[in-house]
Structure formats: structure tokens, C-alpha cells
Amino acid sequence: MSSYIKQIQTTLKQAGLYTDEVDGIAGPKTVAAVKAAAANELLDAEAKRAVEQQNASHPELATPKPDQPLVEASGFELGEKSLKRLEGVNDNLVKVVKRAIEITPIDFMVVEGVRTKERQRQLVAKGASKTMNSRHLTGHAVDIAPVVDGQVSWDFNDYYPLAKAMATAATELGVKVRWGGAWTTITNKSGTPQDWVKAYRAGGGRFLDGPHFELPA
Ligand SMILES: [Zn+2]
């Protein structure tokens, strides 16, 4: 929350460009209003930057890009590191990841599979995980991250196509998989990952774990 963003939202509201709540949170509607305001120079460059920065630094506020279609043969392959990180992970989950890499429109790598208790303790202490009962401890979870231009991307928009590829793979293989980006089972689920995140947020969910996929307990 930011009083500067609130001030910007008030200006936008007075100009009739913004009809949502003046809450100091630069969500998609605020970003859209700022874009509309650019045309009539209602806001200065500093205000635009502030809104964009707040929006970009919070994955849960990011404005979703349109859904990317799956591909027949992606040409992507899991690298050595990814395969190594799948060691000890449940076979069914491994199968889903291996199918997902074949159909994903965006390359990805496995960043974590089985996790030790000690590492889990550290992640909980940092606030990066919420539980000591993580499915990673038992080999029932993997974290995968999109790779864009040879680099791991933390842009939440890049996680939607991965979630879609994983959902399609899980459905094909009949494996029940849950995605941490919306904390919902994605096997046989209708709608897009963007819809799932929207529903999760509408229900008050705030802990979006985009890379995380697990076999539900
Ligand atoms: Zn995870």
C-alpha cells in the first residue's frame, strides 16, 4: 500500500479513468488507467513509473498476458541439472514434468525436487514456504521455472504457460496434480491458469507459488 499510489488513483478517478477502489495497490485496473491517462498527459513520468514498479514487483498484481497455446512438439528438453533434480521425486510427477516439457510453449527447468528438513526449516524462516509439512520433503513436489533467453524468469506471466502445460500433461496421464500458483488441482480443470489465479485471489489467497507443483496428500 502506498499513499503516493493512492494520490495517483484519486487523480485518475477524478478524471473518470479509474472506477475501482482507491487502495494504494497498483493492480491491473490501475495500470490500465495509467495507460489511458498517458494519452492526455494527466500524469507525469514519475507517477507512471511508480505504478509500473509497484505492479511489476508484486507477482500477484501482475496484469496477465493472454493465454499462450500449447505446441505439438516444443523442441525443449530437460537438461542434466533438471534430470538430476528429479531424482527421488515420485514417478508419476516425473512423468508429468517430462510430458510437459514436450508441449510447453516456453522452456523451463527443474529448480528443486526433493528437499531436506534443514532446507525446509530455512525456507520457512525466510517466509519462502509456509509449512514444515512440505510435499518436497517426501518427493511429492517439484518446482519448475521458465527459462527466457537462457535465464530463469521470475515474471509471473511466464508461469501461466507452464501451468497450462503441466495441467495438460497431468490430464493426459491421469495424474492428480496441484499447482501452487493458485493452490488448486489442475488435472481435468476447465478455464485458463489466469482464471485459476484470479479465483484464488478473489477468495483472499495471497501466497502465489508459481513454480510449485505437487501430488496432493
Ligand atoms: Zn515447491
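Whatever order the structure lists them in is the order used to number ligands and atoms, beginning at 1.
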Self-check item: Nearest atoms (heavy-atom pairs only) where A141 meets E214
Solution: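 Heavy atoms only, the tightest pair is CB-CB, 3.8 Å.
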Practice problem: Could you pull out the closest heavy-atom pair between A170 and V177, with the gap in Å? | Solution: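 Taking A170 first and V177 second, the nearest heavy atoms are CB-CG2, 3.8 Å.
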Exercise. Check whether any side-chain heavy atom of L86 lies under 4.5 Å from a side-chain heavy atom of L78, and answer yes or no.
Key: yes
Self-check item: the Zn ion (ligand 1) contact by E112, N, O or S atom under 2.8 Å
Solution: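 Looking at E112, which is the residue asked about, there is no N, O or S atom under 2.8 Å from the Zn ion (ligand 1).
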Exercise. Could you check which N/O/S atom of D143 is closest to the Zn ion (ligand 1)?
Key: OD1
Self-check item: Shortest-distance N/O/S atom, H212 versus the Zn ion (ligand 1)
Solution: ND1
Self-check item: Among T192, D67, T104, the one residue meeting side-chain hydrogen bond (donor to acceptor under 3.5 Å, both in side chains) with K164
Solution: D67
